[in-house]
Visitor: 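Below are the structure tokens for one structure; questions will follow.
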Amino acid sequence: MLDKTKKDWWKSAVVYQIYPKSFQDTTGSGVGDIPGIIRRLDYLQTLGIDVIWLSPVCASPQVDNGYDISDYRDIDPMFGTLADMRRLIAEAKRRGIGIMMDLVLNHTSDRHPWFVQARQGRENPYHDYYVWRDGQPGRLPNGMQAVFGGPAWEWVPEVGQYYFHQFAPQQPDLNWENPAVRREIYDMILWWMDQGVEGFQLDVIDQIAKDPDLEITCNGPRLHEFLRELSTETFQKGCLVTVGEAWGADIPRARLCSAPDGSELSMVFQFEQMVLDQQPGKEKWDLAPLPFVKMKQSFARWQQGLHGCGWNSLFLNNHDLPRIVSRWGNDGAYRVRSAKLLAIMLHGMQGTPYIYQGEELGMTNIRLPIEQYQDLEIRNFYQKRRAEGCPEEEILRSIYAKGRDNARTPMQWNAGPGAGFTTGTPWLPVNPNYREINAQAEMADPDSVFACYQKLIALRKRYPVFVEGDFALHEAEHPRLFVYERSLGEEKLLVVCNFGDEATPWKAPDPWKNAQVLIENCPRQEGALQPWEARILYCGKQ
């Protein structure tokens, strides 16, 4: 069990992300809930994780799956009560697991009491809690577009102004230039800290310092000033883990955010590797093969760029990304082996690993009829492309590959009705492969994807080189091999991964020929790596 009173304890931790709506239902409603998470804490303790990152559970109209918060200090009734949340915090802590809240500080719901007041008049003290600009109906302040499509401005006749929203119209952006807004946010965070929360994930935090007049939404000029004040007023009053979602982060910015002095955050989520298959000038939906050499060189840049002066978050999946075994692996004949390879590749690096629910089982993407998808982004994309005259087959192919609902299908607990997720009708269909891919079967199989993750988590706790070692990329231009070395004094790791369905000639170099194998995903063959083979070799102290 980690000592979470120690500074930087989170460097040795492994985080597990739960999307509560799809984790475990206890009421038959078809929607997961907080008592369901409590029911599955022993499973997570068996896996070996240290922190649960809980996707939003605060009160919300659920326009954007909880990322439109209407009350920061209450729980959405679909998930339970504040008493349930307090019980989850206590029960998790009893098992050595901390709770990381997901906070949306860039915007609120339009039903938040602040915004209800803000739209009543320009003289209302809450009006300046949001970003407004003068204009006339049908005459927008500028041409800025929202992430989910359409203009980023919404007209309010009562005040004769437009408010700014980077996402859905029901998600008005907060005005961080207003000290009163910042104070409200700090007091709310301190309140959650008093409830026993051990960390926070900060949604799109690099967008809080916006300047819509200059069409700046990301990495605004006051971003780091705001982050330092936020940290001083809240996080530094405890021993917390904090991670900021930062789609616009580069290495220099990530160094500032995750500086070892703790002046801002513990780390950021950066997405450079996750958008490498997006072609310049194209939308995320346009399909392209993974540029494998660029991918491993990108990982290497971040590993070396933050070593000793910042901290990496390590992730391949989350609630906004498709299942990685379907995206970068082979979710057919080599599903188990490629799921293990992706885990070994990632967990051998320096940083804090994040496991998204079901990743430890090798869960895959799903294919649904368009009317069964629930995600706002998918629906908007479908309507836009249909209006442009795109064939439905082509649109669905993109959704099958990259849609966010791929990650949001219910957790597959067993081969029984509803995959053990619910006794009712699930809010999103269960993947039909749940009879073959489920937690009960994997926990009973010592050679399962679950067992691989379990072992990787234990290795991180045992060998300091996983946490502190430096990084060197080998075979930088090889089209299939991802090979890297980690070093810390006498301890060394060599991580070897063969991406693809072909065997690849490879022999362990000196001094690795007689090295200890810490983990591998298939039996070895002399002189070659099998399709999707991965292993970690170790030299050093036993």
Side-chain angles (χ1 to χ4, degrees), residues 1-2 10-17 40-52 95-97 313-317 324-325 328-329 334-363 412 437-469 471 482-486 488 491-499 508 512 515-524 529-530 532-542:
M1 192 178 293
L2 289 178
W10 36 267
K11 288 185 175 181
S12 301
V14 176
V15 182
Y16 187 94
Q17 183 189 358
R40 297 298 184 178
L41 285 173
D42 288 346
Y43 166 84
L44 297 175
Q45 185 179 23
T46 301
L47 181 60
I49 59 101
D50 307 287
V51 178
I52 293 169
R95 294 167 173 82
I97 299 172
S313 60
L314 304 174
F315 71 99
L316 296 173
N317 293 264
I324 199 64
V325 73
W328 288 3
Y334 291 107
R335 181 190 65 84
V336 170
R337 197 183 292 181
S338 64
K340 291 178 181 180
L341 174 144
L342 291 162
I344 289 168
M345 177 200 80
L346 192 75
H347 285 244
M349 295 186 198
Q350 184 179 44
T352 298
Y354 290 75
I355 301 168
Y356 179 71
Q357 65 180 48
E359 182 182 356
E360 79 282 10
L361 307 179
M363 282 178 60
Q412 295 164 207
I437 305 171
N438 63 74
Q440 185 178 58
E442 296 223 7
M443 291 179 76
D445 179 2
D447 197 33
S448 65
V449 179
F450 179 91
C452 178
Y453 274 89
Q454 201 176 31
K455 188 167 186 178
L456 286 166
I457 293 169
L459 288 171
R460 176 166 291 271
K461 302 288 195 300
R462 180 176 176 184
Y463 295 98
V465 64
F466 278 89
V467 178
E468 299 296 344
F471 180 100
F482 191 172
V483 182
Y484 63 85
E485 186 173 334
R486 302 284 310 284
L488 179 68
E491 281 196 305
K492 294 184 186 298
L493 300 175
L494 189 70
V495 181
V496 185
C497 302
N498 180 30
F499 273 73
W512 298 99
Q516 178 185 356
V517 179
L518 292 183
I519 190 168
E520 56 190 342
N521 67 347
C522 62
R524 276 161 277 161
L529 296 170
Q530 297 182 61
W532 298 102
E533 182 174 352
R535 67 180 78 146
I536 299 180
L537 307 178
Y538 174 80
C539 291
K541 302 173 183 176
Q542 296 303 314

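Everything numeric in this text was worked out from a predicted model, so none of it was measured.
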Visitor: Excluding sequence neighbours, so at least two apart, what forms side chain to side chain donor-acceptor pair (under 3.5 Å) with N521?
Guide: none

Visitor: State which residues pass side chain to side chain donor-acceptor pair (under 3.5 Å) with W10; sequence neighbours excluded, sorted by chain then number.
Guide: none

Visitor: With sequence neighbours left out, what residues match R95 under salt bridge (charged side-chain N to carboxylate O under 4.0 Å, His left out)?
Guide: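 Once residues adjacent in sequence are excluded, the partners of R95 under the salt bridge (charged side-chain N to carboxylate O under 4.0 Å, His left out) criterion are D42, E91.
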
Visitor: If every non-hydrogen atom of M349 is compared with every non-hydrogen atom of L314, which pair is closest and at what distance?
Guide: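 Closest approach of M349 to L314: O-CD1, 3.6 Å.
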
Visitor: Quick check for you: to the nearest 0.5 Å, what is the distance between I344 atom CD1 and F482 atom CZ?
Guide: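 Between atom CD1 of I344 and atom CZ of F482 there are 13.0 Å.
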
Visitor: Please name all residues satisfying side-chain contact (heavy atoms from CB on, under 4.5 Å) with S313, sequence neighbours left out, ordered by chain then number.
Guide: M267, F269, F315, Y354

Visitor: Got a second to check how far L342's CG is from F499's CZ, nearest 0.5 Å?
Guide: 5.0 Å

Visitor: Check side chain to side chain donor-acceptor pair (under 3.5 Å) between E360 and all other residues, then give those that pass, not counting sequence neighbours.
Guide: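 Side chain to side chain donor-acceptor pair (under 3.5 Å) list for E360, sorted by chain: Y16, Y43.
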
Visitor: Using the six-membered ring wherever Trp is involved, compare the ring planes of Y538 and Y463 and label them parallel, tilted or perpendicular (cut-offs 30° and 60°).
Guide: tilted

Visitor: Between S12 and D50, which heavy-atom pair has the shortest distance, and what is it?
Guide: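 Scanning both residues, the minimum pair turns out to be O-OD2, 4.1 Å.
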
Visitor: Write down the atom of V449, the atom of E359, and the distance for their closest heavy-atom approach.
Guide: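 Taking every non-hydrogen atom into account, CG1-O, 4.0 Å.
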
Visitor: What closest approach, in Å, do S338 and V325 show between heavy atoms, and which atom pair accounts for it?
Guide: OG-CG2, 3.5 Å

Visitor: For E533 and C522, which heavy atoms make the closest approach, and how far apart are they?
Guide: CG-SG, 3.4 Å

Visitor: Nearest 0.5 angstrom please: I97 CD1 to I49 CD1, how far?
Guide: 4.0 Å

Visitor: Indicate the atoms forming the closest heavy-atom contact of R486 with G469, along with that distance.
Guide: NH2-O, 2.8 Å

Visitor: Any salt bridge (charged side-chain N to carboxylate O under 4.0 Å, His left out) involving residues 336-346? Give me the pairs, sequence neighbours left out, ordered by first then second residue.
Guide: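 For residues 336-346: K340-D447.
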
Visitor: Looking at CZ of R462 and NZ of K455, how far apart are the two atoms once the value is rounded to the nearest 0.5 Å?
Guide: 9.5 Å

Visitor: First locate atom CZ of R535, then atom CG of L494, and finally report the distance between them rounded to the nearest 0.5 Å.
Guide: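 If I round to the nearest 0.5 Å, the distance is 9.5 Å.
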
Visitor: I want to check something: taking the side chain as every heavy atom from C-beta on, are Q350 and E468 in contact at a cut-off of under 4.5 Å?
Guide: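 The answer is yes, as the side chains (C-beta and beyond) meet within the 4.5 Å cut-off.
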
Visitor: Going from CG on L2 to NZ on K461, what distance comes out if it is rounded to the nearest 0.5 angstrom?
Guide: 5.0 Å

